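For reference, the structure discussed in these notes is given below.
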Amino acid sequence: EPSIGASTPKGRQMMHTHHSAVAAVPIDFAFDFIGNYRNVPSWAFGISRFDPTGPLDHGLDATFDAAMQVGFTTIHSILTVTAWERNRLIALDSIDGFRNTSIWRFTATGICETQLTVDFSYQPPGGLTGKTLRRLLEPFAAQAIGHTELNLRRLIEDFSADIHTTHPWDAGNAAAG
């Protein structure tokens with residue numbers, strides 16, 4: 001099980017938010033859709049860029065350059081995949097820029113139902129910039145996770161329905177891009 005966040009400078013806490021919901025799609029479809037970096041800006045609230053920075057575009061040790069809009073501010077992070085267990089877990093941790101971690105857990109609750117659980121942690125920078133950013137992020141984070149979950153669930157359920165209608169034999173590969 002990956003740890004959430006690395007050690008933090010004294011006096012600076014990681015902020016946490018947790019969300020869980022059930023999507024009406026098979027677990028492999030949910031995992032493939034969420035694990036495909038091309039899909040991230042379409043469902044992750046505020047994410048304007050999520051691009052691979054190395055030879056890997058998925059799986060353990062893949063690295064991504066991400067940008068997130070928070071109000072009028074763009075926050076940048078370089079993220080690496082720290083855990084990738086097919087149909088069970090995807091974890092990302094920042095290695096540069098805005099300090100954050102996210103852990104996505106997948107649990108089959110039926111043949112065509114998957115519980116999606118996300119734990120997101122972040123650490124605003126110190127100083128005056130951090131204080132301003134903290135005021136923006138605190139209400140934004142919980143709202144963003146809830147919006148992301150709702151948007152993601154709708155997208156994967158709609159995409160799954162479209163794929164099953166047009167290509168009933170290969171939904172997983174279609175989700176994987």
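FYI, the numbering just counts along the sequence from 1. Nothing here was measured: the structure is a model prediction, and the numbers come from that model.
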Query raised in the report: Where do Ser77 and Asp96 land on the side chain to side chain donor-acceptor pair (under 3.5 Å) test, with the steps shown first?
Result: CA-CA 6 Å; Ser77 282; Asp96 194 22; over 6 Å; no
Closest heavy-atom contact between [X] and [Y]?
X	Y	value
Val81	Gly59	CB-O, 3.2 Å
Ala66	Leu79	CB-CD1, 4.0 Å
Ile156	Ala30	CD1-CB, 4.2 Å
Gly35	Ile90	CA-CD1, 3.7 Å
Ala108	Ile27	N-CD1, 3.5 Å
Asp93	Thr82	CB-CG2, 3.7 Å

Mind checking the [atom1]-[atom2] spacing from [X] to [Y]? Nearest 0.5 Å is all I need.
X	Y	atom1	atom2	result
His18	Asp119	NE2	CG	5.5 Å
Ile78	Ile95	CD1	CD1	6.5 Å
Leu116	Thr107	CG	OG1	8.5 Å
Leu89	Phe106	CG	CZ	8.0 Å
His19	Thr17	NE2	OG1	8.5 Å
Ile75	Arg99	CD1	CZ	14.0 Å

**Report entry** Asp51/Arg38 ion pair, N-O < 4.0 Å
**Finding:**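 Salt bridge flag = no for Arg38 with Asp51.
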Requested in this report: For the residue pair Gln69 and Ser48, confirm or rule out a side-chain donor-acceptor distance under 3.5 Å.
Outcome: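 On atom types as modelled, these side chains do not qualify, holding no pair under 3.5 Å.
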Query - Ser94 side chain to Asn100 backbone, donor-acceptor under 3.5 Å - result: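 Between the backbone of Asn100 and the side chain of Ser94 there is a qualifying donor-acceptor contact (under 3.5 Å).
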**Report entry** Derivation and outcome, side chain to side chain contact (heavy atoms under 4.5 Å, CB included), residues Glu85 and Asn87
**Finding:** CA-CA 6 Å; Glu85 298 175 30; Asn87 295 342; over 6 Å; no
Query raised in the report: Under 4.5 Å between any side-chain heavy atoms of Ile34 and Asn36, yes or no?
Result: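 Counting from C-beta outward, Ile34 and Asn36 never come under 4.5 Å.
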Query - Minimum side-chain heavy-atom gap Pro41-Arg49 below 4.5 Å - result: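 Not in contact.
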Query raised in the report: Does the separation of the ring centres of Trp84 and Phe31 fall below 6.0 angstrom?
Result: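 Aromatic pair counts; centres sit under 6.0 Å.
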Query raised in the report: Honestly curious: do Phe50 and Leu56 fall in one hydrophobic cluster under the side-chain, below-4.5 Å linking rule?
Result: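 The answer is no; the residues belong to distinct hydrophobic clusters.
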Report task. State plainly whether one hydrophobic cluster holds both Val25 and Val40, where clusters connect Ile, Leu, Val, Met, Phe, Trp and Tyr through side-chain heavy atoms under 4.5 angstrom apart. Result ->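 Yes, Val25 connects to Val40 through the hydrophobic network.
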Query raised in the report: Taking the inter-plane angle between the rings of Phe64 and Tyr37 on a 0 to 90° scale, is it parallel (under 30°), tilted (30 to 60°) or perpendicular (over 60°)?
Result: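 The arrangement is tilted - the two ring planes meet at 30° to 60°.
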